[in-house]
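Numbering of residues begins at 1 and proceeds along the displayed sequence. Nothing here was measured: the structure is a model prediction, and the numbers come from that model.
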Amino acid sequence: MKLLAPLTAAVLLAVASANAQAAHVLVVLSDADHLDLRDGQVYPTGFYLNELMQPVKALRDAGHEITFATPEGRAPTVDRTSVDKAYFGNDAASLQSHADLLAQLRLTSATQSPVLSLARVEQIGYGEFDAVYIPGGHAPMQDLLASPALGRLLTDFHQQGKPTALVCHGPIALLSTLPGNAAFIQRMERDNRAPTPADWIYAGYQVTVISNDEEEQAKAALNGGRMKFYPQTALQQAGVQYRSNTQPWQSNVVVDRELITGQNPASAVGVAKVLLERLD
(Lines give C-alpha, C1' and ligand atoms only; values in the text may rest on other atoms or scores of the structure.)
Protein backbone atom coordinates (compact mmCIF):
# COMPACT_ATOMS: atom_id res chain seq x y z
CA MET A 1 0.00 0.00 0.00
CA LYS A 2 2.88 2.36 0.67
CA LEU A 3 3.91 2.11 -3.00
CA LEU A 4 0.45 3.02 -4.28
CA ALA A 5 0.53 6.72 -3.48
CA PRO A 6 3.89 7.47 -5.20
CA LEU A 7 2.85 5.36 -8.20
CA THR A 8 -0.50 7.14 -8.48
CA ALA A 9 1.22 10.51 -8.20
CA ALA A 10 3.64 9.56 -10.96
CA VAL A 11 0.80 8.49 -13.26
CA LEU A 12 -1.13 11.70 -12.60
CA LEU A 13 2.00 13.75 -13.25
CA ALA A 14 2.57 11.94 -16.55
CA VAL A 15 -1.04 12.54 -17.61
CA ALA A 16 -0.86 16.19 -16.63
CA SER A 17 2.39 16.59 -18.53
CA ALA A 18 0.89 15.00 -21.66
CA ASN A 19 -2.16 17.23 -21.46
CA ALA A 20 0.01 20.30 -20.99
CA GLN A 21 1.79 19.52 -24.24
CA ALA A 22 -1.41 19.02 -26.23
CA ALA A 23 -2.19 21.82 -28.66
CA HIS A 24 -5.53 22.99 -30.03
CA VAL A 25 -5.55 23.05 -33.84
CA LEU A 26 -8.23 24.72 -35.92
CA VAL A 27 -8.92 23.01 -39.24
CA VAL A 28 -10.69 25.29 -41.72
CA LEU A 29 -12.52 23.84 -44.72
CA SER A 30 -14.69 25.25 -47.47
CA ASP A 31 -18.48 25.30 -47.37
CA ALA A 32 -18.54 24.81 -51.13
CA ASP A 33 -19.42 21.59 -52.94
CA HIS A 34 -18.52 22.98 -56.39
CA LEU A 35 -16.24 25.36 -58.25
CA ASP A 36 -17.62 27.86 -60.73
CA LEU A 37 -15.63 27.67 -63.96
CA ARG A 38 -15.49 29.91 -67.02
CA ASP A 39 -18.40 29.99 -69.45
CA GLY A 40 -20.92 29.14 -66.74
CA GLN A 41 -19.70 25.60 -66.19
CA VAL A 42 -19.63 24.04 -62.73
CA TYR A 43 -17.26 21.41 -61.34
CA PRO A 44 -18.45 19.27 -58.39
CA THR A 45 -15.71 19.26 -55.75
CA GLY A 46 -14.92 19.65 -52.06
CA PHE A 47 -11.90 18.74 -49.91
CA TYR A 48 -9.44 16.00 -50.83
CA LEU A 49 -9.73 13.05 -48.47
CA ASN A 50 -6.01 12.50 -47.91
CA GLU A 51 -5.25 16.22 -47.61
CA LEU A 52 -7.68 16.48 -44.71
CA MET A 53 -7.44 13.12 -43.02
CA GLN A 54 -3.71 12.33 -43.12
CA PRO A 55 -2.84 15.46 -41.10
CA VAL A 56 -5.95 15.09 -38.90
CA LYS A 57 -5.06 11.50 -38.04
CA ALA A 58 -1.44 12.48 -37.32
CA LEU A 59 -2.57 15.31 -35.04
CA ARG A 60 -5.04 13.07 -33.20
CA ASP A 61 -2.48 10.30 -32.81
CA ALA A 62 -0.11 12.83 -31.24
CA GLY A 63 -2.79 13.78 -28.70
CA HIS A 64 -3.70 17.20 -30.05
CA GLU A 65 -7.22 18.62 -29.92
CA ILE A 66 -8.90 19.56 -33.21
CA THR A 67 -11.80 21.89 -33.94
CA PHE A 68 -13.30 22.04 -37.43
CA ALA A 69 -14.79 25.14 -39.03
CA THR A 70 -16.14 26.43 -42.33
CA PRO A 71 -17.06 30.02 -43.21
CA GLU A 72 -20.80 29.48 -42.71
CA GLY A 73 -20.67 26.41 -40.48
CA ARG A 74 -22.09 24.08 -43.10
CA ALA A 75 -20.88 20.50 -43.39
CA PRO A 76 -18.00 20.25 -45.87
CA THR A 77 -18.06 17.94 -48.88
CA VAL A 78 -15.45 15.35 -49.84
CA ASP A 79 -14.35 15.39 -53.47
CA ARG A 80 -15.35 11.90 -54.61
CA THR A 81 -12.42 11.70 -57.02
CA SER A 82 -10.07 11.86 -54.03
CA VAL A 83 -11.47 8.69 -52.46
CA ASP A 84 -8.78 6.68 -54.21
CA LYS A 85 -5.97 4.52 -52.86
CA ALA A 86 -3.58 6.32 -55.24
CA TYR A 87 -3.52 9.18 -52.73
CA PHE A 88 -2.62 6.76 -49.92
CA GLY A 89 0.42 5.11 -51.46
CA ASN A 90 -1.83 2.64 -53.31
CA ASP A 91 -2.62 1.14 -49.92
CA ALA A 92 -6.29 0.16 -49.81
CA ALA A 93 -6.15 -0.44 -46.05
CA SER A 94 -4.79 3.07 -45.46
CA LEU A 95 -7.52 4.56 -47.62
CA GLN A 96 -10.14 2.63 -45.66
CA SER A 97 -8.80 3.61 -42.25
CA HIS A 98 -8.79 7.29 -43.14
CA ALA A 99 -12.27 7.06 -44.68
CA ASP A 100 -13.48 5.30 -41.54
CA LEU A 101 -12.09 8.08 -39.36
CA LEU A 102 -13.87 10.68 -41.50
CA ALA A 103 -17.12 8.76 -41.03
CA GLN A 104 -16.48 8.52 -37.27
CA LEU A 105 -16.02 12.28 -37.04
CA ARG A 106 -19.28 12.87 -38.99
CA LEU A 107 -17.78 15.94 -40.63
CA THR A 108 -19.76 15.59 -43.83
CA SER A 109 -23.08 14.84 -42.14
CA ALA A 110 -25.68 17.49 -42.97
CA THR A 111 -27.32 17.01 -39.56
CA GLN A 112 -24.53 15.83 -37.24
CA SER A 113 -21.39 17.62 -38.43
CA PRO A 114 -19.45 19.21 -35.55
CA VAL A 115 -18.11 22.08 -37.69
CA LEU A 116 -18.38 25.61 -36.38
CA SER A 117 -18.81 28.79 -38.37
CA LEU A 118 -15.86 31.18 -38.52
CA ALA A 119 -18.10 33.72 -36.78
CA ARG A 120 -18.38 31.30 -33.85
CA VAL A 121 -14.62 30.76 -33.87
CA GLU A 122 -14.18 34.53 -33.64
CA GLN A 123 -16.57 34.64 -30.69
CA ILE A 124 -14.66 31.87 -28.92
CA GLY A 125 -11.46 33.82 -29.52
CA TYR A 126 -8.49 33.14 -31.76
CA GLY A 127 -6.35 32.85 -28.64
CA GLU A 128 -7.93 29.45 -27.95
CA PHE A 129 -6.08 27.96 -30.92
CA ASP A 130 -2.40 27.21 -31.33
CA ALA A 131 -2.31 26.51 -35.07
CA VAL A 132 -4.52 26.45 -38.16
CA TYR A 133 -4.59 23.95 -41.00
CA ILE A 134 -6.34 24.36 -44.37
CA PRO A 135 -6.50 21.39 -46.78
CA GLY A 136 -7.10 21.61 -50.49
CA GLY A 137 -9.36 20.22 -53.12
CA HIS A 138 -10.74 22.83 -55.51
CA ALA A 139 -13.36 24.07 -53.02
CA PRO A 140 -11.16 26.77 -51.37
CA MET A 141 -11.05 28.46 -54.80
CA GLN A 142 -14.80 29.02 -54.47
CA ASP A 143 -15.05 30.71 -51.07
CA LEU A 144 -12.00 30.67 -48.77
CA LEU A 145 -9.98 33.05 -50.96
CA ALA A 146 -12.64 35.74 -50.47
CA SER A 147 -13.80 35.11 -46.90
CA PRO A 148 -13.48 38.23 -44.70
CA ALA A 149 -13.82 36.09 -41.57
CA LEU A 150 -10.94 33.88 -42.66
CA GLY A 151 -8.93 36.97 -43.50
CA ARG A 152 -9.31 38.23 -39.94
CA LEU A 153 -8.34 34.86 -38.52
CA LEU A 154 -5.22 34.48 -40.67
CA THR A 155 -4.18 38.07 -39.96
CA ASP A 156 -4.36 37.38 -36.22
CA PHE A 157 -2.36 34.17 -36.59
CA HIS A 158 0.23 36.08 -38.65
CA GLN A 159 0.51 38.77 -35.99
CA GLN A 160 0.93 36.15 -33.27
CA GLY A 161 3.36 34.03 -35.33
CA LYS A 162 1.19 30.92 -34.91
CA PRO A 163 1.76 27.96 -37.26
CA THR A 164 -0.39 28.34 -40.37
CA ALA A 165 -0.37 25.24 -42.58
CA LEU A 166 -2.02 24.91 -45.99
CA VAL A 167 -1.78 22.33 -48.77
CA CYS A 168 -2.48 22.01 -52.52
CA HIS A 169 -5.27 24.52 -53.36
CA GLY A 170 -5.47 25.49 -49.67
CA PRO A 171 -2.83 28.27 -49.89
CA ILE A 172 -5.22 30.28 -52.10
CA ALA A 173 -6.92 31.10 -48.79
CA LEU A 174 -4.04 33.48 -48.06
CA LEU A 175 -5.68 35.89 -50.52
CA SER A 176 -8.45 36.43 -47.96
CA THR A 177 -6.05 38.78 -46.13
CA LEU A 178 -5.36 40.96 -49.18
CA PRO A 179 -6.21 44.67 -49.04
CA GLY A 180 -8.79 45.20 -51.79
CA ASN A 181 -9.41 41.46 -51.97
CA ALA A 182 -12.57 41.61 -54.11
CA ALA A 183 -11.04 43.90 -56.73
CA PHE A 184 -7.92 41.73 -56.96
CA ILE A 185 -9.97 38.58 -57.55
CA GLN A 186 -12.11 40.31 -60.18
CA ARG A 187 -9.00 41.41 -62.08
CA MET A 188 -7.58 37.89 -61.92
CA GLU A 189 -10.82 36.45 -63.26
CA ARG A 190 -10.96 39.00 -66.06
CA ASP A 191 -7.32 39.44 -67.07
CA ASN A 192 -5.39 36.63 -65.34
CA ARG A 193 -3.28 39.36 -63.79
CA ALA A 194 -3.75 42.08 -61.19
CA PRO A 195 -1.70 44.88 -59.65
CA THR A 196 0.40 43.72 -56.72
CA PRO A 197 -1.24 45.23 -53.63
CA ALA A 198 0.76 47.30 -51.19
CA ASP A 199 1.39 46.20 -47.61
CA TRP A 200 0.17 42.61 -47.88
CA ILE A 201 1.10 40.65 -44.77
CA TYR A 202 2.51 37.73 -46.81
CA ALA A 203 4.39 39.81 -49.38
CA GLY A 204 7.79 38.27 -50.01
CA TYR A 205 7.00 34.99 -48.23
CA GLN A 206 8.26 31.81 -49.84
CA VAL A 207 5.13 29.80 -50.62
CA THR A 208 4.08 26.81 -52.65
CA VAL A 209 0.68 25.78 -54.01
CA ILE A 210 -0.43 23.42 -56.76
CA SER A 211 1.60 24.50 -59.77
CA ASN A 212 0.35 25.76 -63.11
CA ASP A 213 2.00 22.72 -64.70
CA GLU A 214 0.11 20.38 -62.41
CA GLU A 215 -3.15 22.23 -63.07
CA GLU A 216 -2.57 21.83 -66.81
CA GLN A 217 -1.91 18.11 -66.43
CA ALA A 218 -5.06 17.66 -64.32
CA LYS A 219 -7.43 19.85 -66.34
CA ALA A 220 -9.00 16.85 -68.07
CA ALA A 221 -10.77 16.20 -64.76
CA LEU A 222 -12.72 19.43 -65.30
CA ASN A 223 -14.57 17.78 -68.20
CA GLY A 224 -13.60 20.46 -70.67
CA GLY A 225 -14.15 23.33 -68.28
CA ARG A 226 -11.58 26.01 -67.49
CA MET A 227 -10.70 27.50 -64.14
CA LYS A 228 -11.03 31.27 -63.90
CA PHE A 229 -7.35 31.46 -62.86
CA TYR A 230 -4.69 29.23 -61.37
CA PRO A 231 -3.66 29.68 -57.72
CA GLN A 232 0.07 29.81 -58.51
CA THR A 233 -0.43 32.79 -60.80
CA ALA A 234 -2.72 34.55 -58.35
CA LEU A 235 -0.35 34.16 -55.40
CA GLN A 236 2.59 35.34 -57.49
CA GLN A 237 0.61 38.38 -58.61
CA ALA A 238 -0.22 39.07 -54.97
CA GLY A 239 3.47 39.12 -54.06
CA VAL A 240 4.71 35.73 -52.80
CA GLN A 241 7.95 34.08 -53.91
CA TYR A 242 6.70 30.85 -55.45
CA ARG A 243 8.68 27.67 -54.81
CA SER A 244 7.91 24.58 -56.92
CA ASN A 245 9.04 20.97 -56.92
CA THR A 246 11.34 19.68 -59.68
CA GLN A 247 8.97 16.88 -60.74
CA PRO A 248 5.20 17.38 -60.95
CA TRP A 249 3.15 15.60 -58.27
CA GLN A 250 6.16 14.96 -56.04
CA SER A 251 5.95 16.14 -52.44
CA ASN A 252 7.12 19.69 -51.82
CA VAL A 253 6.85 21.48 -48.47
CA VAL A 254 7.96 25.09 -48.08
CA VAL A 255 8.40 26.74 -44.68
CA ASP A 256 8.78 30.48 -44.18
CA ARG A 257 8.23 31.97 -40.75
CA GLU A 258 4.77 30.88 -39.55
CA LEU A 259 3.68 29.58 -42.96
CA ILE A 260 3.91 25.87 -43.83
CA THR A 261 2.70 25.22 -47.37
CA GLY A 262 2.48 21.99 -49.37
CA GLN A 263 2.23 21.88 -53.15
CA ASN A 264 -0.05 18.95 -53.93
CA PRO A 265 -1.80 15.89 -52.43
CA ALA A 266 1.52 14.10 -52.01
CA SER A 267 2.64 16.93 -49.71
CA ALA A 268 -0.03 16.46 -47.03
CA VAL A 269 2.02 14.05 -44.92
CA GLY A 270 5.07 16.32 -45.09
CA VAL A 271 3.03 19.36 -44.05
CA ALA A 272 1.63 17.39 -41.11
CA LYS A 273 5.15 16.38 -40.04
CA VAL A 274 6.37 19.99 -39.98
CA LEU A 275 3.24 21.16 -38.18
CA LEU A 276 3.71 18.49 -35.50
CA GLU A 277 7.33 19.55 -35.06
CA ARG A 278 6.21 23.15 -34.57
CA LEU A 279 3.59 22.14 -32.02
CA ASP A 280 6.16 20.09 -30.07
Restricting to non-hydrogen atoms, name the atom on [X] and the atom on [Y] that form the minimum distance, rounded to 0.1 Å.
{"X": "S109", "Y": "A75", "value": "O-CB, 3.4 Å"}
{"X": "F157", "Y": "A131", "value": "CE2-C, 3.4 Å"}
{"X": "P76", "Y": "V115", "value": "CD-CG1, 3.9 Å"}

Partners of [X] by side-chain contact (heavy atoms from CB on, under 4.5 Å), sequence neighbours excluded?
{"X": "D191", "value": "R187, R193"}
{"X": "T177", "value": "L154, T155, W200, I201, Y202"}
{"X": "P265", "value": "Y48, N50, E51, Y87, C168, W249"}
{"X": "D213", "value": "S211"}

Kindly state each residue pair satisfying side-chain hydrogen bond (donor to acceptor under 3.5 Å, both in side chains) with at least one member in residues 162-172, sequence neighbours excluded.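 Qualifying pairs: H169-E215.
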Under the side-chain hydrogen bond (donor to acceptor under 3.5 Å, both in side chains) rule, what pairs show up with a residue in residues 123-132, not counting sequence neighbours? R120-Q123
Within the distance-only criterion (no hydrogens, no angle test), does the side chain of [X] pair as donor or acceptor with the backbone N or O of [Y] below 3.5 angstrom?
{"X": "Q232", "Y": "N212", "value": "yes"}
{"X": "T261", "Y": "T208", "value": "yes"}
{"X": "Y230", "Y": "I210", "value": "no"}
{"X": "S82", "Y": "L49", "value": "yes"}
{"X": "S176", "Y": "L145", "value": "no"}
{"X": "N252", "Y": "N264", "value": "no"}

Do [X] and [Y] pair up side chain to side chain, a donor and an acceptor below 3.5 Å, judged on atom types alone?
{"X": "S97", "Y": "D100", "result": "no"}
{"X": "N245", "Y": "Q250", "result": "no"}
{"X": "Q54", "Y": "H98", "result": "no"}
{"X": "Q142", "Y": "D36", "result": "yes"}

Measure the [atom1]-[atom2] distance between [X] and [Y] for me, rounded to the nearest 0.5 Å.
{"X": "I260", "Y": "K273", "atom1": "CD1", "atom2": "NZ", "answer": "13.0 Å"}
{"X": "D199", "Y": "L178", "atom1": "CG", "atom2": "CG", "answer": "11.5 Å"}
{"X": "Q41", "Y": "L222", "atom1": "CD", "atom2": "CG", "answer": "9.0 Å"}
{"X": "L144", "Y": "L166", "atom1": "CG", "atom2": "CG", "answer": "9.5 Å"}
{"X": "L116", "Y": "I124", "atom1": "CG", "atom2": "CD1", "answer": "5.0 Å"}
{"X": "D79", "Y": "S30", "atom1": "CG", "atom2": "OG", "answer": "11.5 Å"}

List in chain and number order the residues that pass salt bridge (Lys or Arg N to Asp or Glu O under 4.0 Å) with E122, two or more places apart in sequence or in another chain; answer none if no residue qualifies.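 E122: salt bridge (Lys or Arg N to Asp or Glu O under 4.0 Å) contacts with R152.
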Can you sort out the partners of R60 under salt bridge (Lys or Arg N to Asp or Glu O under 4.0 Å), two or more places apart, ordered by chain and number?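 So R60 forms no salt bridge (Lys or Arg N to Asp or Glu O under 4.0 Å) with any residue.
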Applying side-chain hydrogen bond (donor to acceptor under 3.5 Å, both in side chains), name anything that partners E72, two or more places apart in sequence or on another chain.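 With neighbours one apart ignored, the set is empty.
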Could you work out, with side-chain hydrogen bond (donor to acceptor under 3.5 Å, both in side chains) as the rule, every residue matching K57, not counting sequence neighbours?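 Scan of K57 (side-chain hydrogen bond (donor to acceptor under 3.5 Å, both in side chains), adjacent residues dropped) gives D61.
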Just wondering, do [Y] and [X] contact through their side chains at under 4.5 Å, heavy atoms?
{"X": "D256", "Y": "V240", "result": "no"}
{"X": "L37", "Y": "M227", "result": "yes"}
{"X": "L59", "Y": "L279", "result": "yes"}
{"X": "M141", "Y": "F229", "result": "yes"}
{"X": "L153", "Y": "F129", "result": "no"}

Hey, could you give me each pair passing salt bridge (charged side-chain N to carboxylate O under 4.0 Å, His left out) that has a residue in residues 218-244? Not counting sequence neighbours.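 Applying salt bridge (charged side-chain N to carboxylate O under 4.0 Å, His left out) to every pair that reaches into residues 218-244, excluding sequence neighbours, yields D39-R226, E216-K219.
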Please list every donor-acceptor pair under 3.5 Å in which a side-chain atom of residues 63-70 meets a protein atom from a residue at least two apart or in another chain.
{"residue": "H64", "atom": "ND1", "partner": "A23", "partner atom": "N", "Å": "2.9"}
{"residue": "T67", "atom": "OG1", "partner": "H24", "partner atom": "NE2", "Å": "2.7"}
{"residue": "T70", "atom": "OG1", "partner": "D31", "partner atom": "OD1", "Å": "2.7"}
{"residue": "T70", "atom": "OG1", "partner": "G73", "partner atom": "N", "Å": "2.9"}
{"residue": "T70", "atom": "OG1", "partner": "R74", "partner atom": "N", "Å": "3.0"}
{"residue": "T70", "atom": "OG1", "partner": "R74", "partner atom": "O", "Å": "3.0"}

How about R106: does its CZ atom have over 12 heavy atoms from other parts shown lying under 6.0 Å from it?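 12 or below, so no.
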